[in-house]
Amino acid sequence: MSEADHEVIVIGAGPAGAAIAAQLASRGRRVLVVERSHFPRFSIGESLLPQCMGHLEEAGLLDTVQAAGYQPKNGAAFTRGGESTAIDFRHKFTPGWGTTFQVERADFDHRLIEAARAKGAKVEFGITVTAFRADPDRPQVDVVDESGNASTLTARFVVDASGYGRVLARLEALERDARQAPRTALFTHVEGCPVAPSHDREKILIGVHPDDAGIWYWLIPFRNQRASVGVVGQTERMSAYGDSTEARWQALIDAEPRFRQLLGGSRPTRPIAELGGYSADVTRLHGPGYVLLGNAGEFLDPVFSSGVTIALKSASLAAPLVDRQLAGEAIDWLGRFEAPLREGIETFRAFVDAWYDGRLQTIIFHADAPRDIKERISAILAGYAWDRRNPFVTDSARHIDTLADLCERQAASRASGSGTAGARQPDAGPSPETGR
């Protein structure tokens, strides 16, 4: 290949950008990360999944995260109309990490990119990408700094990890219908969120609106009685709760009894933010001399905190392929990167769709789910959406349909007093050894 200014240019310094920069720099590659913002900067996506821990370890970033003193996380708690239930990620089908952290992304992202810099990656903030020219050998990126100085950077490979900026998706006209209903999230950080015996701070709390199952809430505890709080629902439904962002957020919080109780004495530490139309997809995740990671390619929904997991998974898949391509190998980017990455994304999509149409809520709030079924669902919600031994990965929609139907019939039988003796349980598939 021809000489270039840099071997690899990474657009974006979030988790995906930091992870792939750290891995490639550790392999001796010359990496430049360009980031439009200045870190630390605010971001949501603060509840990690246990699958992330393995990817952070692979990138050499796990020690950085463990040393930060973040709030531990071991699962998810759910509340709906006075009902409560929980899923413990330590009890799951897939071996591997069963615990992780709740993180304030301003600090988390900053620590990760500084750790990548310490491994040899060059990082420049305040740089905006304005144009891109794809090429299998010498892709080029036009950039401008905050003083208006423009330049053209030549690389041997370009990685787009720009997150919601979706730089190459826009510049290469890759965007397509995300196949998700238009939804809006209202969110902020609060202080004074209590440490109460009834509130497990080692679990994200997910609530359901008492009158509209399509509106849901998150409460992500941090250290020192701080938390991230958000509400998500279809845009037109959310707009009916007030004339301003602040009014809508407060009215929605007041509408859910558990959230109203927990947040009664809390205070927002930043203005209520509103993000709509966040779902995105692209026609392809790779092209001549480039690849798209994480949210730069596809983003589903915040409901199961899959964003950072998908970002780190994409970096894990791409890093060795970029390294091998730079070494002169011909890489099957469709078969080795895009197809396997999208397989896990489609698993998450099936769970997101089932949450909003009510099937997954029926399953999660079911009182008598068999242990092996719960462990398979726990594995998906812990981020292990690529484990093909799990039938909820290989045939997600069918297993969700079957299980939701069974739960509904059992609930109807209990309500009528007829019992459920002899009801056939869905096929759970094989069981691997217990993970950590």
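Values in this document were obtained by computation on a predicted structure and should not be read as measured data. When a residue number appears, it is its place in the shown sequence, counting from 1.
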Shortest non-hydrogen separation from [X] to [Y] and the atoms involved:
X: A296; Y: V282; answer: O-CG1, 4.4 Å
X: F78; Y: I87; answer: CE1-CD1, 4.1 Å
X: V303; Y: D301; answer: N-OD1, 3.0 Å
X: K92; Y: A382; answer: CD-CB, 4.3 Å
X: S228; Y: E46; answer: OG-OE1, 2.7 Å
X: A21; Y: V33; answer: CB-CG2, 3.7 Å

Backbone N or O of [Y] within a donor-acceptor pair of the [X] side chain at under 3.5 Å?
X: W216; Y: I206; value: no
X: N390; Y: R376; value: yes
X: Q234; Y: A181; value: no
X: R223; Y: G69; value: yes
X: S279; Y: L300; value: yes
X: R36; Y: I11; value: no
X: K73; Y: I204; value: no
X: S378; Y: D88; value: yes
X: T99; Y: N74; value: no
X: R258; Y: G82; value: no

Any side-chain heavy-atom pair of [X] and [Y] under 4.5 Å:
X: F348; Y: S396; value: no
X: N295; Y: Y278; value: no
X: F337; Y: L292; value: no
X: L62; Y: Q66; value: yes
X: Q361; Y: W355; value: yes
X: E338; Y: R284; value: yes
X: R201; Y: C193; value: yes
X: Y241; Y: D254; value: no

- Checking side chain to side chain contact (heavy atoms under 4.5 Å, CB included) for the pair V352/Q180: CA distance, chi angles, key distance, verdict? CA-CA 9 Å; V352 169; Q180 297 288 322; 3.8 Å; yes
How many angstroms lie between atom [atom1] of [X] and atom [atom2] of [Y], to the nearest 0.5 angstrom?
X: L275; Y: R183; atom1: CG; atom2: CZ; value: 13.5 Å
X: I373; Y: I363; atom1: CD1; atom2: CD1; value: 9.0 Å
X: D405; Y: Q410; atom1: CG; atom2: CD; value: 10.0 Å
X: F157; Y: L24; atom1: CZ; atom2: CG; value: 9.5 Å
X: L205; Y: E256; atom1: CG; atom2: CD; value: 7.5 Å
X: L49; Y: F304; atom1: CG; atom2: CZ; value: 10.5 Å

salt_bridge([X], [Y]) N-O dist < 4.0 Å:
X: R349; Y: E298; answer: yes
X: E346; Y: R179; answer: yes
X: R117; Y: E114; answer: yes
X: R371; Y: E375; answer: yes
X: D387; Y: R389; answer: yes
X: D211; Y: R237; answer: no

- Query: Can the ring centroids of F299 and Y164 be said to lie less than 6.0 angstrom from one another?
  - Reply: yes
- Message: Centroid separation under 6.0 Å, is that true for the rings of Y290 and F132?
- Response: yes
- Task: I would like to know whether L381 and F89 meet side chain to side chain contact (heavy atoms under 4.5 Å, CB included); could you show each step before the answer?
- Result: CA-CA 8 Å; L381 299 186; F89 294 153; 3.9 Å; yes
Could you list the donor-acceptor pairs under 3.5 angstrom formed between side-chain atoms of residues 121-130 and any protein atom two or more places apart in sequence or on another chain?
unit_1: K122; atom_1: NZ; unit_2: E124; atom_2: OE2; d: 3.4
unit_1: T130; atom_1: OG1; unit_2: D142; atom_2: O; d: 3.3

- Got a sec: does the CZ of R388 have more than 12 other heavy atoms crowding it under 6.0 Å? no
- Message: Other residues, nucleotides and ligands only: do more than 12 of their heavy atoms fall within 6.0 Å of CZ on R41?
- Response: yes
- Message: For Y70, give me all partners under ring pair (Phe, Tyr, Trp, His ring centres under 6.0 Å), at least two apart in sequence or on another chain.
- Response: none
- Query: Does the pair T245 and R248 meet the rule for a side chain to side chain contact (heavy atoms under 4.5 Å, CB included), with working shown?
  - Reply: CA-CA 5 Å; T245 301; R248 286 191 292 275; 3.6 Å; yes
- Message: I'd like to know whether V231 forms a side chain to side chain contact (heavy atoms under 4.5 Å, CB included) with I215, so could you lay out the CA-CA distance, the side-chain angles of the two residues, the decisive distance to 0.1 Å, and finally the verdict.
- Response: CA-CA 7 Å; V231 190; I215 295 177; 3.7 Å; yes
